[in-house]
Amino acid sequence: VAGGALWIAVAGVLLVGVVFMNVAVLRLNLQLDSLGRERTKLRAENAALASQISGAANSLKIEAQARKQLGLEPAGADQIGYLDLSK
Amino acid sequence: VAAKRANSRIRLLLAVFVLVFAATLARAAWLQGVRGDALGAMAQSQHREVRTIPASRGTIYDRDGVRLAIGEQATTVYADPRQVTNASGIARAAQRIFGKDVVDANALYPQLRDKSRAFVYIARKADPDKAAAFAKRGFDGVGVQPEERRAYPQRSVAAALLGFAGVDNSGIAGLEYGYDKLLRGTPGEQTIVRDPFGRAIDTISSTPEHEGSDVFLTIDHTIQAQAESVLRATVQKWGAKSASAIVLDPRNGEILAMAQAPTFDANKFARTNPALTRNRAVTDAYEPGSTFKLVTVSGALSEGIVTPSTRFTLPYSLKVADRVVHDAEQRATETMSVARILSQSSNVGTITLAEKLGGPQLMDWMGRYGFGRTTGVDYPGESPGIVLPYDKWSGSTIGNVPIGQGVAVTPVQMAAAYAAVANGGEWVEPHLVEKIAGHKVPKPARRRILTPSVNAEVAAMLGNVVAEGTGVEAQIPGYHVAGKTGTAQVPDARGGYSSGKYVASFVGFVPASKPRLVVLVKVQEPSGAIWGGSVAAPAFRDIARFCLQYLEIAPDAPGH
């Protein structure tokens with residue numbers, strides 16, 4: 001009788017283990033799906049930000065802003081000096 | 001009696017149980033055996049979903065790592081009209097959320113009502129946030145699909161060069177087309193199981209996506225934008241039809257800019273005149289005029305027929321077969337050296353040299369410079385230009401080909417030819433791509449055209465063109481510049497020349513003592529002035545001056 005009860009207890013523990021494992025797998029799958037969505041969202045945001053950076057790097061735009069907001073002008077050829085370090 | 005009645009009731013109950021059990025069994029057998037497959041498939045379709053994982057198209061970068069073409073995430077919203085229960089609600093909500101320029105409710109509504117269709121686009125490649133807001137409304141029969149939308153953040157910069165990718169994300173024109181196989185990735189696929197609440201509870205199978213390769217160009221976006229800006233100003237100033245420019249590093253054949261005006265916003269290519277989207281520097285051939293004299297003069301020098309100081313007595317005009325050729329400006333008969341023939345761009349002098357060189361030799365020199373065949377630039381649709389085979393020459397051909405008439409070249413061919421002189425007489429294959437997916441592309445082809453001594457003579461003569469000849473407008477303070485002007489009439493469809501239509505060009509290199517840049521400018525059909533020296537040379541000067549400063553190239557003629 002004691003041996004039978006032991007087997008029933010072992011079977012019970014195994015069944016509970018199987019249930020817990022399935023629940024854990026389910027949770028991980030849900031987490032995976034959620035992470036997958038987040039990855040897609042972050043990639044989209046990353047691409048959008050990269051696009052904005054590139055748009056902002058347009059040299060003519062930067063030049064126009066520098067002229068307008070800071071009053072800067074490109075240096076003339078006579079305003080640039082070069083040092084020949086080989087001499 | 002009571003016991004008998006009880007027995008019969010028990011039998012009746014048993015019969016009822018047997019009947020119910022038999023009916024249940026029969027139903028189970030029907031569902032499992034006969035309709036099992038169909039119902040199984042239906043169940044699967046309700047909780048299984050095959051999801052496509054889009055592969056990102058590779059990014060196109062300039063030489064400094066600035067993104068010129070990039071894939072942005074977008075969401076396509078669609079409907080299955082057979083499952084749609086609220087067509088008017090969907091149409092109204094779609095127009096309100098996506099905007100009328102994307103969704104027209106009046107056009108969408110009848111499509112959603114058409115039960116013979118199984119698929120209707122509501123918004124293709126829409127803003128993901130708007131698509132999510134729309135999906136949240138929970139309309140029956142509506143689905144969403146993530147997709148990638150190609151974007152060109154610098155808008156018009158290098159638009160014709162980059163080309164564009166269409167709605168299905170495949171390259172249609174330009175580098176997007178030429179490198180489509182490498183740029184486009186392979187989409188992945190995932191089969192998932194969803195619970196009744198739509199949550200993914202299991203992944204049955206998964207094939208990962210393979211992203212497209214990134215392509216790094218030799219183009220510098222700052223030089224490209226500056227060249228486009230100069231060309232825009234040139235087109236406006238001279239009322240020209242269009243203009244093209246190439247900036248090239250003669251040492252290695254790297255193209256730093258390939259610009260044209262007018263240009264277009266690559267994000268709006270579908271609404272752009274197709275003529276504007278052609279990269280004319282590679283695809284369009286033109287009669288070069290005097291810039292072609294380089295071939296004749298360097299050929300005559302290389303064959304030992306003349307030296308730069310060999311003098312000829314040259315009349316203003318010369319009869320060649322049935323044709324009379326004259327110089328651009330009226331003058332008396334004068335004695336000119338070969339160097340002066342080039343600096344003054346004398347047609348009569350150049351034809352005199354060509355007659356001494358001979359037709360077959362001239363053809364040979366055209367071939368050495370690469371005219372009549374593609375340069376091999378890594379861009380689709382390159383034109384080889386037009387060179388008449390020697391057996392098709394007429395008696396007057398020797399009177400026009402040596403001065404760049406009756407022959408058609410592309411700007412990239414001409415830039416590569418002058419780059420050869422700038423590179424000590426060695427021709428280098430021009431190219432636009434530096435790296436693909438982090439790997440360097442094979443080294444460009446090289447071949448020697450001129451001996452170093454002849455090359456030095458040619459370079460010095462081209463320096464004279466800018467110092468005291470037709471190209472003085474190309475002078476840049478502090479630098480020695482070498483180059484050649486060109487002015488050519490535009491051929492018409494009847495085999496003659498259009499009256500009043502010209503192509504003005506200038507091609508040169510700087511600093512002439514140690515060339516770092518070759519710049520070609522070609523202006524199509526300017527008005528007011530037509531000469532390469534007055535229309536194209538100033539544009540050359542402006543582009544080259546900017547590049548010298550931007551690339552911090554030290555002057556070779558300080559105080560000059």
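A note on names: the letters A, B, ... follow the listed sequences, proteins ahead of strands, and every chain is numbered from 1.
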When rounded to the nearest 0.5 angstrom, what is the spacing between [atom1] in [X] and [atom2] in [Y]?
{"X": "B:Q73", "Y": "A:S51", "atom1": "CD", "atom2": "OG", "answer": "12.5 Å"}
{"X": "A:L28", "Y": "B:D202", "atom1": "CG", "atom2": "CG", "answer": "11.5 Å"}
{"X": "B:I70", "Y": "A:L49", "atom1": "CD1", "atom2": "CG", "answer": "9.5 Å"}

Do you know which of [options] has the most heavy-atom pairs with chain A at a distance under 4.5 angstrom?
{"options": "B:E228, B:Q190, B:E209", "value": "B:E209"}
{"options": "B:E148, B:E72, B:R545, B:Q154", "value": "B:Q154"}
{"options": "B:G71, B:A74, B:A225", "value": "B:A225"}

Legend entry - Least distance between heavy atoms, A:Y82 atom then B:P555 atom: CD1-CD, 3.3 Å
Interface moiety of [X] toward chain B, non-hydrogen atoms closer than 4.5 Å:
{"X": "A:A75", "result": "both"}
{"X": "A:I80", "result": "side chain"}
{"X": "A:E63", "result": "side chain"}

Legend entry - Option that, when pairs with chain B are counted at under 4.5 Å, heavy atom only, ranks first among A:A48, A:A56, A:G55: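 So the answer, after comparing A:A48, A:A56, A:G55, is A:G55.
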Tell me whether [X] at atom [atom1] has more than 12 heavy atoms from other residues, nucleotides or ligands lying less than 6.0 Å away.
{"X": "B:R155", "atom1": "CZ", "value": "no"}
{"X": "B:E552", "atom1": "CD", "value": "no"}
{"X": "A:R27", "atom1": "CZ", "value": "no"}
{"X": "A:E45", "atom1": "CD", "value": "yes"}

Legend entry - Check: A:S54 main-chain N/O paired with B:H221 side-chain donor or acceptor under 3.5 Å: no
Quick one: what part of [X] sits under 4.5 Å from any heavy atom of chain A, side chain, backbone, both or neither?
{"X": "B:Y479", "answer": "side chain"}
{"X": "B:I553", "answer": "backbone"}
{"X": "B:I476", "answer": "neither"}

